[in-house]
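Only one structure is covered here, and it is reproduced in the block below.
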Amino acid sequence: GVWRQTRALLFKNCLIKCRTKKSSVQEVLFPLFFLFWLILMSMMHPHRKYEEVATTDLGSLHPSVLVNFVIGYTPPTPVAREIMKKVAFDNFEDGLITEEYLSEEELEEASFLKPSNFVGVVFKDSMSYQLRFRDSIAMSSIYTESR
């Protein structure tokens, strides 16, 4: 029955392992070698812990700082428009200009043509975005964790 077939299969596998000792040893040692290598690499690049920053009151942002400040965003989806409308009108009644662009290429072109008070926002989805400054891209802090 089933017990005899299972025992025969187990015996067959033991014979194969005994006859192919080199591959059997490799099956055991390679994972151990890679585990050792992984531990060694993690010890060479330890996780950095940063000190806590004390809570300080930064004061209110005076609207005169953002006079003629331009925020360009892409893609022009309804969610992005709603978010940018909240940013522009709920927080700063005047002085903050929002412009929508159809693609990231248009946004990059506009950032080169506009003065230094231009910031681009690229919405990846309804919950994530990238800030694009004149010469760099600022990533969200969730991407700056340990390796």
Side-chain angles (χ1 to χ4, degrees), residues 1-61 65-66 68-92 96-147:
V2 175
W3 173 245
R4 189 171 17 169
Q5 286 179 348
T6 306
R7 195 175 53 194
L9 185 60
L10 184 64
F11 182 68
K12 176 187 150 199
N13 285 339
C14 287
L15 282 177
I16 290 173
K17 292 294 178 189
C18 289
R19 290 178 184 165
T20 57
K21 289 182 178 134
K22 182 179 177 184
S23 65
S24 299
V25 168
Q26 286 177 351
E27 284 179 16
V28 173
L29 291 183
F30 274 164
L32 291 175
F33 171 74
F34 289 123
L35 180 65
F36 167 75
W37 205 225
L38 184 65
I39 291 171
L40 183 66
M41 293 301 287
S42 68
M43 289 170 60
M44 288 173 59
H45 299 285
H47 179 68
R48 291 184 184 160
K49 296 199 181 220
Y50 296 98
E51 295 298 320
E52 184 177 321
V53 177
T55 304
T56 57
D57 183 19
L58 298 175
S60 61
L61 180 63
V65 176
L66 297 176
N68 297 326
F69 200 77
V70 180
I71 298 179
Y73 64 95
T74 189
T77 61
V79 173
R81 285 187 187 108
E82 185 67 29
I83 291 170
M84 294 311 292
K85 187 168 67 169
K86 279 188 175 286
V87 167
F89 298 114
D90 291 355
N91 299 321
F92 312 102
L96 192 63
I97 303 165
T98 58
E99 298 175 353
E100 64 181 45
Y101 295 94
L102 297 176
S103 66
E104 287 187 49
E105 290 79 22
E106 285 184 27
L107 183 72
E108 282 184 36
E109 259 181 49
S111 70
F112 288 122
L113 299 175
K114 302 279 183 181
S116 62
N117 60 351
F118 181 85
V119 174
V121 180
V122 178
F123 289 96
K124 298 298 178 186
D125 55 39
S126 63
M127 298 299 288
S128 64
Y129 61 90
Q130 283 183 334
L131 295 178
R132 298 204 176 204
F133 297 97
R134 189 176 192 79
D135 55 356
S136 65
I137 298 174
M139 299 293 287
S140 173
S141 62
I142 61 171
Y143 298 112
T144 57
E145 296 268 328
S146 167
R147 294 180 192 186

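- Here Thr77 contributes atom OG1 and Met84 contributes atom CE; the two are 11.0 Å apart, rounded to the nearest 0.5 Å.
- Shortest non-hydrogen contact noted between Leu102 and Pro76 is CD2-CG, 3.9 Å.
- Taking all atoms of both residues into account, the shortest heavy-atom contact from Tyr73 to Leu107 is N-CD1, 4.0 Å.
- We find the CG-CG distance between Leu10 and Leu15 to be 10.0 Å, quoted to the nearest 0.5 Å.
- Minimum interatomic distance between Phe123 and Pro75 (heavy atoms only, all atoms of both residues): O-CD, 3.4 Å.
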Evaluate Lys85 against Glu100 for salt bridge (charged side-chain N to carboxylate O under 4.0 Å, His left out), listing each step before the verdict.
CA-CA 11 Å; Lys85 187 168 67 169; Glu100 64 181 45; over 6 Å; no

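- Distance check: Glu109 CD to Glu105 CD gives 8.5 Å after rounding to the nearest 0.5 Å.
- Note: Lys17 NZ to Cys14 SG = 9.5 Å, rounded to the nearest 0.5 Å.
- Between the CZ atom in Phe36 and the CG atom in Leu29 there is a gap of 13.0 Å [rounded to 0.5 Å].
- Of all non-hydrogen atoms in Thr74 and Tyr101, the two that sit nearest each other are OG1-O, 2.8 Å.
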**Message:** Would Leu131 and Val121 count as a side chain to side chain contact (heavy atoms under 4.5 Å, CB included) here? Give the steps.
**Reply:** CA-CA 5 Å; Leu131 295 178; Val121 180; 3.7 Å; yes

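- Counting non-hydrogen atoms of neighbouring residues, nucleotides and ligands closer than 6.0 angstrom, the NZ atom of Lys124 exceeds 12 such neighbours.
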